[in-house]
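Take a look at the structure set out below.
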Amino acid sequence: MLLRFIFVKKQDNPCYDKYQNSDRKEIPEMKIRQFCNRYFRQLSLAACMLFYLIFAVIDGPVWCRDSNSYATMEFSREPLYPLYLAFFRRIFGSQTQLYGQPLYLFPAILGQSILWGYAAWSVGRFLYEAYDREGHEKRAPAAGTLGILLQLAVPLLNRFAAIRGSMYSECIMTESLAMPLYVLLSLQLCRWIRDHRRSSLILVLTDAFLLISIRKQMAIGLILFLCISCLYDVFRKKNRNLKRFLYSVLLSVLVLLAAKGLDYSYNYLLRGVWMEHTGNSKAALCTLLFSADESDAALFDTYGTPEEKALFEEIIRQAGDQQLLIGDVPEGADWMVLAEHYADSYDVIGFDIAQPVIRDYVTSHETLDAVHQELKMDEVSEELVQVLQHQDKKDLIRVYGANLIKGLICSDARVMRGLNEIGLVIYVLFLILYGILMHRKEEGLCLFAEVSLGGILINTVVVGALIFPQPRYMTYGMGLFYTALILMMEGVCRKRCR
């Protein structure tokens, strides 16, 4: 029977014909799949690394407005990025010049570029593996490639379309480390929620610790971790695990304590004083001064001192003379005008007016060394904040509302008349697609969308409360957001085509 099956003529053996045709189709597909599995990681990693390293070599280090404060380890800076620069300065020195900058800055941006390349590649690898494990092997390479391309598109826009004309990976600023670390945290958070592997949790917490130690705004990574954990461990019945959520809260507290411990230790070793970085009340003070007016001096009669009242009056007088306050915004102006005026006034009020006035006040009352003078200035700033927080909240709410709208648009588009509505419509489209896929129980893609959008919303709330939104503060999750949006569109269209 076996020989008969083998040697029978093709037209008399439909089973043979079936198997033969099947083999012809499956063998090429199998080879393509094996090629993708074997070479996707290597080729995509090489492409991502070359992309960033080539631009680093072409442009060299980009010195920005805040760069000097990191290079000189100023009192107001968190410890990690100044330590990162100090590491390269110690090895390569600062006497020799390259690209018109100290030599050590070039290997520093090479390290940053490698981190950016790894983060972009990690997005592609994550999506490739996610699609592959869910049985979508044919679409896995496309999903992975899309994730990488959108990660590369954001820095290309900054390099060629934005006013800044450079990529963050080559800049001497905290975003050069914080942005790729945030992307890596987001991916590990997805893995943790999906698989609950201890290694993913450790990486999430490690990234959160590093982010907070780079820039305090980046506590958004830890907040995102807690919010997503709460969503799945508390509100989703299928995944509910209150014990695991409490465990996440406890670990988050430990991360905050560890970051604060690093901050205190860094300043103790550098300055000989057990202290954290200064300027923690600056953001609140600038905003409260912007929304104040001369009548708020009466608050100091109840909550402050005559010296603090005189200090406030001098700051408000100078700010008013330069038309930097909310009262100087034209009556009837929309949120865009208000947000722009606030952004233009913020640094002038903080650095050019409040800081010099407070320093003069401190030096006129006490003779202190540089470290304790900074600490005293921090103390005075905090006292002003404590009094001014009793002001009428109406204008404060207006400023915050304008910042929220600007922050949301700045996170997925460009703030510009005619484009603002498009930026908001994109969020509506995102939510509609998310709702459809939630109804279809596309859990993997929905998780990625939740992390992507959740990060933008949390960042907008935090930045809007601390400082004025601008692209360098808002585009951390832009690549992830548009990746999730396009993949959701593909998922909805694919189901409908079936």
Drop me the distance from [X]'s [atom1] to [Y]'s [atom2], to the nearest 0.5 angstrom.
X: Leu325; Y: Ile316; atom1: CG; atom2: CD1; value: 5.0 Å
X: Ile58; Y: Leu53; atom1: CD1; atom2: CG; value: 11.0 Å
X: Leu210; Y: Leu205; atom1: CG; atom2: CG; value: 11.0 Å
X: Glu308; Y: Ile358; atom1: CD; atom2: CD1; value: 10.5 Å

Looking at side-chain heavy atoms only, is the closest gap between [X] and [Y] below 4.5 Å?
X: Leu487; Y: Leu127; result: yes
X: Val385; Y: Leu288; result: yes
X: Ile458; Y: Cys227; result: yes
X: Phe51; Y: Met167; result: yes

Quick one about [Y] and [X] (side-chain donor to acceptor, distance below 3.5 Å, no hydrogens or angles considered), yes or no?
X: Ser69; Y: Glu74; value: no
X: Gln318; Y: Gln322; value: no
X: His341; Y: Asp344; value: no
X: Glu450; Y: Tyr232; value: yes

Got a sec, which residues hit side-chain contact (heavy atoms from CB on, under 4.5 Å) with Ala465, two or more places apart in sequence or on another chain?
Tyr400
For Leu457, enumerate each residue passing the side-chain contact (heavy atoms from CB on, under 4.5 Å) test, keeping only those at least two apart in sequence or located in another chain.
Leu408, Leu453
Of all residues at least two apart in sequence or in a different chain, which pass the salt bridge (Lys or Arg N to Asp or Glu O under 4.0 Å) check with [X]?
X: Glu276; result: Lys260
X: Asp395; result: Arg398
X: Arg359; result: Glu374

If you count the non-hydrogen atoms of other residues, nucleotides and ligands that lie under 6.0 Å from [atom1] in [X], is the total more than 12?
X: Phe235; atom1: CZ; value: no
X: Gln97; atom1: CD; value: yes
X: Arg236; atom1: CZ; value: yes

Contacts of [X] that satisfy ring pair (Phe, Tyr, Trp, His ring centres under 6.0 Å) - sequence neighbours left out:
X: Tyr52; result: Trp116
X: Tyr268; result: none
X: Tyr346; result: Tyr342, Phe468
X: Trp121; result: Tyr118

Can you run down the salt bridge (charged side-chain N to carboxylate O under 4.0 Å, His left out) pairs that involve residues 91-108, sequence neighbours left out, and say none if there aren't any?
none
With side-chain contact (heavy atoms from CB on, under 4.5 Å) as the criterion, how do Gln355 and Lys282 come out once you've worked through the C-alpha distance, each side chain's angles and the decisive distance to 0.1 Å?
CA-CA 9 Å; Gln355 198 171 60; Lys282 174 183 172 291; 5.6 Å; no
Is [X] reaching over with its side chain to a backbone N or O of [Y], donor-acceptor style, under 3.5 angstrom?
X: Asp263; Y: Ala259; answer: no
X: Asp334; Y: Val337; answer: yes
X: Tyr99; Y: Val57; answer: yes
X: Tyr84; Y: Gln112; answer: yes
X: Ser44; Y: Arg41; answer: yes
X: Ser200; Y: His196; answer: no
X: Ser67; Y: Cys64; answer: yes
X: Asp296; Y: Ala292; answer: no
X: Asp195; Y: Arg197; answer: no

Carefully, step by step, assess Glu170 and Ser113 under the rule side-chain hydrogen bond (donor to acceptor under 3.5 Å, both in side chains).
CA-CA 7 Å; Glu170 57 198 25; Ser113 299; over 6 Å; no
Taking the six-membered ring for Trp and the single ring otherwise, decide whether the centroids of Phe448 and Tyr434 are under 6.0 Å apart.
no
With sequence neighbours left out, which residue pairs that include part of residues 201-228 fulfil the side chain to side chain donor-acceptor pair (under 3.5 Å) condition?
Thr174-Arg215, Arg215-Gln217, Arg215-Tyr473, Gln217-Asn459
Step by step, would you call Arg65 with Asp347 a salt bridge (charged side-chain N to carboxylate O under 4.0 Å, His left out)?
CA-CA 12 Å; Arg65 179 178 178 179; Asp347 281 342; 3.6 Å; yes
Looking at Arg159 and Asp59, is there a salt bridge between them, counting it only when a charged N and a carboxylate O are closer than 4.0 Å?
yes
Going by an N to O cut-off under 4.0 Å, is there a salt bridge joining Arg472 and Asp66?
yes
Pi-cation contact, Phe126 with Arg191 (under 6.0 Å, within 45°)
no
Please set out all donor-acceptor pairs under 3.5 angstrom arising from side-chain atoms of residues 101-111, sequence neighbours excluded.
{"from": "Tyr104", "atom 1": "OH", "to": "Arg89", "atom 2": "NH1", "distance (Å)": "3.3"}

Please report the C-alpha distance between Tyr81 and Ser176 in whole Å, then the side-chain angles of each, then the deciding distance to 0.1 Å, and finally whether the side-chain contact (heavy atoms from CB on, under 4.5 Å) criterion is met.
CA-CA 9 Å; Tyr81 196 62; Ser176 60; 3.4 Å; yes
Decide yes or no on side-chain contact (heavy atoms from CB on, under 4.5 Å) for Trp192 and Ile228, but give the supporting numbers first.
CA-CA 10 Å; Trp192 162 245; Ile228 297 296; over 6 Å; no
Atom of Leu185, atom of Ala208 and distance for their closest heavy-atom approach:
CD1-N, 3.5 Å
If you compare all heavy atoms of Pro469 against all heavy atoms of Met474, which two are closest, and at what distance to 0.1 Å?
CB-SD, 4.0 Å
Before giving the answer on side-chain contact (heavy atoms from CB on, under 4.5 Å), spell out for Leu189 and Ile193 the whole-Å C-alpha distance, their side-chain angles and the decisive distance to 0.1 Å.
CA-CA 6 Å; Leu189 179 55; Ile193 296 298; 4.2 Å; yes
